[in-house]
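First up is the structure itself, then whatever we jot down about it.
Since the structure is predicted, the reported quantities are computational estimates derived from the model, not experimental observations.
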Amino acid sequence: MPASIFGVLARLGLQALTTYDGESIFPLAYVQATGCFIMGIGLRMKGPFGNFYGPLYTAFTTGFCGSLTTFSGWQVDVFDSWVNSGQFHRGGLRDFMDGLTQTWVTLVLSLASLKFGVYVCGVAQPYFSAPRPPTKNVRYTLTILAILTYAATFPAYFLLPPNFRHQATAALLFSFPGTLTRYLLSINLNPRLKIIPLGTFIANSLGTALLGFFHVLQGFTSAVSPNTCSLLQGLGDGYCGCLTTISTFAAEISALKGWKAVAYTTISWIAGQLLLLVIMGSSFWGGHVKEQMTCSFQTS
């Protein structure tokens with residue numbers, strides 16, 4: 001639970017830090033690279049993590065890294081590039097090149113960061129000794145703290161100023177449910193298909209479709225209320241951001257051999273773009289939804 005929360009906070013913080021006028025690279029690139037680098041460290045440390053405390057490995061990789069990176073955000077950014085949602089003064093060829101850049105830079109950066117994390121951890125690992133496994137009382141204490149940490153997101157949402165909701169507190173509220181959905185899908189469906197990890201594929205596709213739907217709701221010509229707009233932002237950043245993952249996606253691509261890796265990457269990307277074409281594209285071109293957000297957030 002805390003791993004999902006900290007992953008969302010890290011993602012939102014990195015995006016806020018790297019969003020500025022004249023940026024040389026899109027903000028989500030930093031998020032995906034950082035998450036995949038940390039994922040690489042986790043993969044290399046799987047043995048020591050398992051010997052120390054098994055759930056810690058799941059929290060580190062599935063929880064933190066999976067919530068820090070986002071497949072759905074990447075897919076929406078690519079689609080926004082195709083349709084030029086920012087209304088930039090450029091032609092169709094430049095729109096295509098922008099979407100292509102968002103695609104291949106994210107893929108290359110994520111896979112390279114994963115490999116680099118594995119390498120760095122391999123170099124540093126011999127200099128650190130494995131700690132002793134925690135006692136039963138420590139494990140119980142960690143479980144209670146995890147539950148209390150997630151429970152704290154509810155008073156944080158209702159008691160902190162309303163202008164915090166779209167920035168963080170609404171996303172924190174929906175973070176753990178998104179991660180839990182992805183985890184359940186992966187452990188139940190991934191073993192059923194040897195060609196591709198079915199659970200991760202469904203999680204990424206479902207999260208992308210939901211994020212596209214939430215963007216459509218935020219772009220209605222008759223804008224939704226500020227409270228609803230903040231909740232939709234929280235669902236997109238929290239639930240969809242944690243339901244989908246680039247770090248696990250990159251790790252699975254690296255683990256697959258030959259054409260299976262290419263097929264998994266291509267099918268996942270095409271599925272995401274087709275879902276957004278149906279959900280967002282039809283709404284934009286139907287004239288009932290703006291390509292930019294029309295609703296406003298709560299400010300007081």
Side-chain angles (χ1 to χ4, degrees), residues 28 32-33 35-47 49-50 54 57-58 60-79 82 99-100 102-119 178-213 239-279 281:
L28 210 54
Q32 315 289 33
C36 289
F37 174 76
I38 298 173
M39 183 69 161
I41 294 174
L43 292 176
R44 185 60 187 253
M45 293 289 291
K46 184 176 182 178
F49 268 136
Y57 174 76
T58 303
F60 188 80
T61 55
T62 303
F64 181 77
C65 297
S67 301
L68 171 56
T69 60
T70 169
F71 183 91
S72 56
W74 171 46
Q75 289 294 295
V76 169
D77 280 357
V78 171
F79 189 80
W82 301 137
L100 185 64
Q102 293 266 2
T103 296
W104 77 265
V105 167
T106 299
L107 280 173
V108 171
L109 198 59
S110 298
L111 291 170
S113 298
L114 182 81
K115 296 291 187 182
F116 187 52
V118 172
Y119 171 77
T179 303
L180 181 61
T181 305
R182 169 165 47 84
Y183 177 71
L184 293 175
L185 284 171
S186 64
I187 62 173
N188 286 294
L189 297 181
N190 278 358
R192 297 192 179 187
L193 194 63
K194 294 183 179 180
I195 300 176
I196 64 171
L198 183 60
T200 306
F201 171 76
I202 291 177
N204 282 341
S205 299
L206 175 62
T208 299
L210 287 174
L211 184 60
F213 178 66
Y239 186 78
C240 297
C242 293
L243 173 59
T244 66
T245 172
I246 282 287
S247 56
T248 302
F249 180 61
E252 290 168 344
I253 292 172
S254 298
L256 292 171
K257 303 299 181 183
W259 68 269
K260 290 183 180 180
V262 176
Y264 180 43
T265 305
T266 305
I267 292 170
S268 297
W269 185 89
I270 291 176
Q273 290 303 296
L274 287 178
L275 286 167
L276 293 178
L277 178 64
V278 172
I279 296 169

To the nearest 0.5 angstrom, please state how far the [atom1] atom of [X] sits from the [atom2] atom of [Y].
{"X": "Thr181", "Y": "Leu206", "atom1": "OG1", "atom2": "CG", "result": "8.0 Å"}
{"X": "Tyr239", "Y": "Leu210", "atom1": "OH", "atom2": "CG", "result": "6.5 Å"}
{"X": "Leu180", "Y": "Leu243", "atom1": "CG", "atom2": "CG", "result": "10.5 Å"}
{"X": "Ile279", "Y": "Phe79", "atom1": "CD1", "atom2": "CZ", "result": "10.0 Å"}
{"X": "Leu43", "Y": "Cys65", "atom1": "CG", "atom2": "SG", "result": "8.5 Å"}

Minimum heavy-atom separation for [X] and [Y], please, with both atom names.
{"X": "Gln32", "Y": "Thr106", "result": "CG-CG2, 4.2 Å"}
{"X": "Gly117", "Y": "Ile41", "result": "O-CG1, 3.6 Å"}
{"X": "Asn190", "Y": "Pro197", "result": "OD1-C, 3.3 Å"}
{"X": "Leu114", "Y": "Ser254", "result": "CD2-OG, 3.4 Å"}
{"X": "Thr200", "Y": "Glu252", "result": "OG1-OE2, 2.7 Å"}

(request) Indicate the ring-plane relationship of Phe249 and Phe71, choosing parallel, tilted or perpendicular according to the 30° and 60° boundaries. (result)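 Phe249 and Phe71: perpendicular rings.
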Can you confirm whether [X] sits close enough to [Y] that some side-chain heavy atom of one is under 4.5 Å from a side-chain heavy atom of the other?
{"X": "Leu68", "Y": "Phe64", "answer": "yes"}
{"X": "Ser110", "Y": "Ile246", "answer": "yes"}
{"X": "Thr245", "Y": "Asn204", "answer": "yes"}
{"X": "Met39", "Y": "Thr61", "answer": "yes"}
{"X": "Thr70", "Y": "Leu28", "answer": "yes"}

Should the heavy atoms of other residues, nucleotides or ligands under 6.0 Å from [atom1] of [X] be counted, would the total exceed 12?
{"X": "Ile187", "atom1": "CD1", "value": "yes"}
{"X": "Tyr57", "atom1": "OH", "value": "yes"}
{"X": "Phe201", "atom1": "CZ", "value": "yes"}

Strictly distance-based, threshold 3.5 Å: is any side-chain N or O of [X] a donor or acceptor partner for the main-chain N or O of [Y]?
{"X": "Ser247", "Y": "Thr69", "result": "no"}
{"X": "Ser72", "Y": "Leu211", "result": "no"}
{"X": "Arg182", "Y": "Cys242", "result": "yes"}
{"X": "Asn188", "Y": "Gly199", "result": "no"}

(message) My understanding is that only one of Val76, Asp77, Val78 makes a side chain to side chain contact (heavy atoms under 4.5 Å, CB included) with Trp74; could you say which?
(response)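 When side chain to side chain contact (heavy atoms under 4.5 Å, CB included) is applied between Trp74 and each of Val76, Asp77, Val78, only Val78 qualifies.
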Could you go through residues 270-277 and list every donor-acceptor pair under 3.5 Å that involves a side-chain atom there, pairing it with any protein atom two or more places apart or in another chain?
| unit_1 | atom_1 | unit_2 | atom_2 | d |
| --- | --- | --- | --- | --- |
| Gln273 | OE1 | Trp82 | NE1 | 2.8 |
| Gln273 | NE2 | Gln75 | O | 3.1 |
| Gln273 | NE2 | Gln75 | OE1 | 2.9 |

(message) Just to verify, what does Phe60 make a side chain to side chain contact (heavy atoms under 4.5 Å, CB included) with, not counting sequence neighbours?
(response)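 Here the qualifying residues are Ile38, Phe49.
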